[in-house]
Amino acid sequence: MAEITSTPVAILGLGAMGQALAATFLKAGLPTTVWNRTPGKDADLVAAGAVGAATVDEAIRAGGPIVTILLDHASVHATLDPVADRLAGRQLINLTSTAPGEARELAAWAAEHGSAYLDGGIMAVPSMIGQPGASILYSGSREVFDAHRETLELLAAAEYFGDDAGFASTYDFALLAAMYAMFGGFLHGAAMMHSVGVSAAEFGERAAAWVAAMTQSLPYQGGVIDASSYADPVQSIAFHKSALDAINRASRDAGVTVDFVAPLKSLLDRQVSDGHGALAFERTFEELH
């Protein structure tokens with residue numbers, strides 16, 4: 001632990017996630033310097049022992065890895081471009097949500113300025129940082145990952161996926177796509193149940209158990225997709241089309257828009273029209289790429 005607690009770190013960005021990262025480092029005893037574009041967000045962290053920097057230049061003078069946790073790709077450039085000539089020999093760890101191509105661009109930009117770049121996708125909400133169940137997916141510089149792995153694991157379980165700086169964010173965004181689709185389905189269902197007087201909280205209790213049970217089939221579905229073995233379905237696309245047709249009718253009858261469920265219905269309609277109705281639902285994957 002002595003090596004970990006002596007490692008300085010600079011956190012650029014103090015939104016909810018940046019504050020959670022900084023607080024976790026401080027709790028572990030790391031010398032932590034923090035900066036935020038809008039002044040005042042560092043008060044609690046400074047009271048807990050962080051060094052509050054007035055400028056980015058001041059923040060990065062502390063040494064150690066530079067962690068960016070900002071709004072978006074443009075924010076990373078807006079923050080680091082003015083100090084680019086002082087980044088040679090430094091290690092950058094970008095935990096900002098950046099698209100894969102943007103992460104690769106930042107890695108190339110960092111290399112041009114003599115910096116090693118590691119990109120990370122945070123699979124957690126701020127309250128989970130430093131707690132069991134949180135994970136961060138990394139790709140990019142193996143050197144940076146290996147040098148700071150124990151430090152990074154203070155935040156969450158750390159997993160490395162190779163030197164393609166865009167790989168971690170691809171995995172991150174793919175998992176988030178599944179999450180947002182699930183949340184969208186929950187909101188749609190809650191709106192339907194609202195029409196018959198059931199609260200969203202009550203529906204949430206039942207939906208949580210149902211969705212958890214259904215997720216157990218995801219590895220099986222993945223195997224079907226990987227093998228392209230769509231010819232012997234348990235329930236066919238045509239069967240699911242009938243269900244989605246009914247859900248769309250029921251939604252409209254309940255006064256609920258079909259913005260979340262209509263796109264899936266369209267995918268199933270197209271496959272039936274193209275003669276794939278007897279195949280497995282997993283065949284829908286083929287319509288997506």
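For this chain, numbers begin at 1 and follow the sequence in order. Values reported hereafter were calculated over all heavy atoms of this structure, with side chains retained and with hydrogens, waters and symmetry mates removed.
- Few gaps surround CD on Gln221; more than 12 heavy atoms of other groups in view lie less than 6.0 Å from it.
- When all heavy atoms are compared, the tightest approach of Leu152 to Ala158 is CB-CB, 4.4 Å.
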Worked check of side-chain hydrogen bond (donor to acceptor under 3.5 Å, both in side chains) between Glu287 and His276: CA-CA 11 Å; Glu287 299 292 309; His276 304 303; 5.1 Å; no

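- Thr96 and His73 share no side-chain donor-acceptor pair at under 3.5 Å.
- Ion pairing between a basic and an acidic side chain is recognised when a charged N comes within 4.0 Å of a carboxylate O; Lys241 and Asp245 show such pairing.
- Checked by atom type, the side-chain pair Asp172/Ser169 shows no donor-acceptor distance below 3.5 Å.
- Criterion: ILVMFWY side-chain heavy atoms under 4.5 Å apart, direct or through other members. Under it, Val211 and Val125 are not part of a common hydrophobic cluster.
- Here the side chains of Thr32 and Ile11 are in contact, with some heavy-atom distance below 4.5 Å.
- Within the model, atoms CG of Leu87 and CD of Glu112 stand 12.5 Å from one another, a figure rounded to the nearest 0.5 Å.
- Contact of the Arg149 side chain with the Tyr160 side chain is not registered, since no non-hydrogen atoms from C-beta on lie closer than 4.5 Å.
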Evaluation steps, side-chain contact (heavy atoms from CB on, under 4.5 Å), between Asp164 and Thr170: CA-CA 10 Å; Asp164 174 5; Thr170 302; over 6 Å; no

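- Ring geometry, Trp109 versus His113: the interplanar angle falls from 30° to 60°, so the pair is classed tilted.
- One hydrophobic cluster holds both Leu30 and Val67 under the rule that ILVMFWY side chains link at heavy-atom gaps under 4.5 Å.
- His148 and Glu153 are not linked by any side-chain donor-acceptor pair at a separation below 3.5 angstrom, with hydrogens and angles left out of the test.
- The aromatic rings of His289 and Phe285 sit tilted, their planes meeting at an angle between 30° and 60°.
- Under a hydrophobic clustering in which Ile, Leu, Val, Met, Phe, Trp and Tyr are joined whenever their side-chain heavy atoms come within less than 4.5 Å, directly or via other members, Ile129 and Leu26 fall into the same cluster.
- Although no hydrogens or angles enter the test, the distance criterion places no donor-acceptor pair under 3.5 Å between the side chain of Arg37 and the main chain of Leu14.
- A salt bridge is absent between Arg270 and Asp274; no separation between the charged side-chain nitrogens and carboxylate oxygens falls under 4.0 Å.
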Residues Met214, Trp210; criterion side-chain contact (heavy atoms from CB on, under 4.5 Å); working and verdict: CA-CA 6 Å; Met214 290 301 96; Trp210 168 248; 3.7 Å; yes

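- In this structure, Ser139 and Gly166 approach most closely via the heavy-atom pair OG-N, 4.1 Å.
- With rounding to the nearest 0.5 Å, the separation of CD in Glu282 from OG in Ser228 is 11.5 Å.
- At least one side-chain heavy atom of Ile136 sits less than 4.5 Å from a side-chain heavy atom of Leu155.
- Judged purely by atom type and a 3.5 angstrom limit, Ser251 uses its side chain to pair as donor or acceptor with the backbone of Ile247.
- Thr33 and Ala62 get closest at one heavy-atom pair: OG1-CB, 3.5 Å.
- A 4.5 Å side-chain heavy-atom check between Leu268 and Phe281 finds at least one atom pair inside the cut-off.
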Audit row: Leu95, Thr68, side-chain contact (heavy atoms from CB on, under 4.5 Å) steps and yes/no: CA-CA 6 Å; Leu95 299 182; Thr68 51; over 6 Å; no

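- No path of Ile, Leu, Val, Met, Phe, Trp and Tyr side chains, each step under 4.5 Å between heavy atoms, connects Val224 with Val234, placing them in separate hydrophobic clusters.
- Other residues, nucleotides and ligands contribute at most 12 non-hydrogen atoms within 6.0 Å of the OH atom of Tyr171.
- The side-chain heavy atoms of Ile237 and Val272, taken from C-beta on, include a pair separated by under 4.5 Å.
- By the 4.5 Å heavy-atom criterion applied to side chains, Val9 and Leu21 are not counted as neighbours.
- Heavy-atom contacts from other residues, nucleotides or ligands closer than 6.0 Å to CZ of Arg206 number 12 or fewer.
- The structure places NE2 of His188 at 12.0 Å from CE of Met193, a figure rounded to the nearest 0.5 Å.
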Audit row: Arg61, Asp57, salt bridge (Lys or Arg N to Asp or Glu O under 4.0 Å) steps and yes/no: CA-CA 6 Å; Arg61 289 178 196 166; Asp57 186 54; 2.7 Å; yes

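- Proximity of Asn36 to Asp42: side-chain heavy atoms (C-beta onward) are nowhere separated by under 4.5 Å.
- Formation of a donor-acceptor pair under 3.5 Å by the Ser195 side chain with backbone atoms of Met192 is found in this model.
- The nearest pair of heavy atoms linking Arg104 to Phe167 is NH2-N, 4.4 Å.
- In this structure, Tyr138 has its ring center at least 6.0 angstrom away from the ring center of Phe161.
- Residues Ala168 and Gly121 come closest through the heavy atom pair CB-N, 4.4 Å.
- No chain of hydrophobic side-chain contacts below 4.5 Å, direct or via other Ile, Leu, Val, Met, Phe, Trp or Tyr residues, connects Val34 to Ile66.
- Between the side chain of Gln131 and the backbone N or O of Ser127, no donor-acceptor pair lies under 3.5 Å.
- Atom OH of Tyr230 sits about 9.0 Å away from atom OG1 of Thr284, to the nearest 0.5 Å.
- Lys265 and Asp269 are joined by a salt bridge, as a carboxylate oxygen and a charged side-chain nitrogen come within less than 4.0 angstrom of each other.
- For the pair Thr55 (side chain) and Glu58 (backbone), a donor-acceptor distance under 3.5 Å is present.
- Annotation for Glu205: atom CD does not count as buried by contact number, only 12 or fewer foreign heavy atoms lying within 6.0 Å.
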Full working for side-chain contact (heavy atoms from CB on, under 4.5 Å) between Ile60 and Trp35: CA-CA 9 Å; Ile60 67 175; Trp35 170 88; over 6 Å; no

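- Sparse packing is recorded around CG of Asp44, with 12 or fewer heavy atoms of other residues, nucleotides or ligands lying under 6.0 Å away.
- Taking each heavy atom of Thr98 and Ala103 in turn, the nearest pair found is OG1-CB, 4.0 Å.
- For the pair Phe173 and Ser97, the minimum side-chain heavy-atom distance is below 4.5 Å.
- One finds the CD1 atom of Ile69 at 11.5 Å from the CD atom of Gln19 (value rounded to the nearest 0.5 Å).
- Remark: the backbone N or O of Ser75 is paired with a side-chain donor or acceptor of Asp72 at under 3.5 angstrom.
- In this structure, a donor-acceptor pair under 3.5 Å is absent between the side chains of Gln91 and Tyr117.
- For the atom pair Leu118 CG and Asp146 CG, the distance stands at 10.0 Å (nearest 0.5 Å).
- Ion pairing of Arg142 with Asp163 is absent here, as no side-chain N (NZ or NE/NH1/NH2) approaches a carboxylate O to less than 4.0 Å.
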